[in-house]
Amino acid sequence: QVQLVESGGGLVQAGGSLRLSCAASGRTFSRYTMGWFRQAPGKEREFVAAISWSGGNTYYADSVKGRFTISRDNAKNTVYLQMNSLKPEDTAVYYCTLRTGSRLLAQVGEYDYWGQGTQVTVSS
């Protein structure tokens with residue numbers, strides 16, 4: 001079993017920055033693809049970013065490319081999402097997720113474990 005616990009969400013003004021963290025336990029973290037998704041009120045959960053087990057490959061949604069950076073520290077069993085130049089449309093609950101396969105994919109159904117989420121609110 002895997003436990004994923006997100007932290008770092010909060011309220012920030014447009015143009016500001018936040019860094020989300022996700023601490024993993026229960027499996028060998030360094031073997032797996034990690035990702036971030038988000039879900040705004042009344043909308044479907046959508047892909048944000050993914051990172052390979054080594055950290056050498058990353059994949060971003062077009063809406064966040066150039067503003068968000070995903071990274072990981074396998075020694076700390078933690079994955080991060082650095083979010084810069086935040087916009088009101090980035091407001092959502094952000095979820096950390098783990099995929100036991102190696103490909104970096106954007107579909108919700110391809111991920112095996114999920115955290116409880118952390119709220120990010122960007123004010124205009």
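For the numbers below, each heavy atom of this structure counts, side chains included, while hydrogens, waters and symmetry mates do not.
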Transitive ILVMFWY side-chain link Val108 to Tyr113, under 4.5 Å: no
Rounded distance [0.5 Å steps], CG in Leu81 versus CE in Met34: 11.5 Å
Closest non-hydrogen atom pair between Ser21 and Thr78, with its separation: CB-CG2, 4.3 Å
For Ala40 against Ala92, the heavy-atom pair lying closest together: N-CB, 3.8 Å
Verdict with reasoning, Gln119 to Thr91, per side-chain contact (heavy atoms from CB on, under 4.5 Å): CA-CA 8 Å; Gln119 176 70 47; Thr91 295; 4.0 Å; yes
Full working for side-chain contact (heavy atoms from CB on, under 4.5 Å) between Arg67 and Lys87: CA-CA 10 Å; Arg67 299 188 298 122; Lys87 305 175 182 179; 3.8 Å; yes
Qualifying ring pair (Phe, Tyr, Trp, His ring centres under 6.0 Å) pairs, either residue in residues 41-95, two or more places apart: Phe37-Phe47, Phe47-Tyr59
Heavy atoms of other groups near Gln107 CD, more than 12 under 6.0 Å: yes
Residue pairs passing the disulfide bond (SG atoms under 2.5 Å apart) test where at least one lies in residues 22-124, sequence neighbours excluded: Cys22-Cys96
Lys76 side chain near Phe29 side chain, heavy-atom distance below 4.5 Å: no
Criterion side-chain contact (heavy atoms from CB on, under 4.5 Å) against Asp112, the qualifying member of Thr100, Thr97, Val2: Thr100
Shortest non-hydrogen separation from Ser71 to Ile51 and the atoms involved: CA-CD1, 3.6 Å
Closest approach of Ser123 to Leu11 (non-hydrogen atoms, all atoms of both residues): CB-CD1, 4.3 Å
For the student: nearest non-hydrogen atoms of Ser30 and Arg72, plus distance: CA-NH2, 4.0 Å
Residues, nucleotides or ligands: over 12 heavy atoms within 6.0 Å of Gln116 CD: no
Backbone of Thr33 reached by a side-chain donor or acceptor of Tyr111 within 3.5 Å: no
Residues Tyr32, Val79; criterion side-chain contact (heavy atoms from CB on, under 4.5 Å); working and verdict: CA-CA 11 Å; Tyr32 301 112; Val79 62; over 6 Å; no
Glu6 side-chain N/O to Gly117 backbone N/O, donor-acceptor pair under 3.5 Å: yes
Spacing of CZ belonging to Arg31 relative to OG belonging to Ser102, to within rounding of 0.5 Å: 14.0 Å
Full working for side-chain contact (heavy atoms from CB on, under 4.5 Å) between Met83 and Leu20: CA-CA 8 Å; Met83 306 186 294; Leu20 306 183; 3.8 Å; yes
Atom pair OG (Ser54) and CG (Asn74), whose distance is rounded to the nearest 0.5 Å: 8.0 Å
Lys65 with Asp62: basic N within carboxylate O range, under 4.0 Å: yes
same_hphob_cluster(Trp114, Leu104) at 4.5 Å side-chain heavy-atom cutoff: yes
Under 3.5 Å donor-acceptor, Thr118 side chain and Ser7 backbone: no
Approximate separation, where rounding is to 0.5 Å, of Gln82 CD and Ile70 CD1: 12.5 Å
Heavy-atom closest pair, residues Leu4 and Ala24: CD2-CB, 3.6 Å
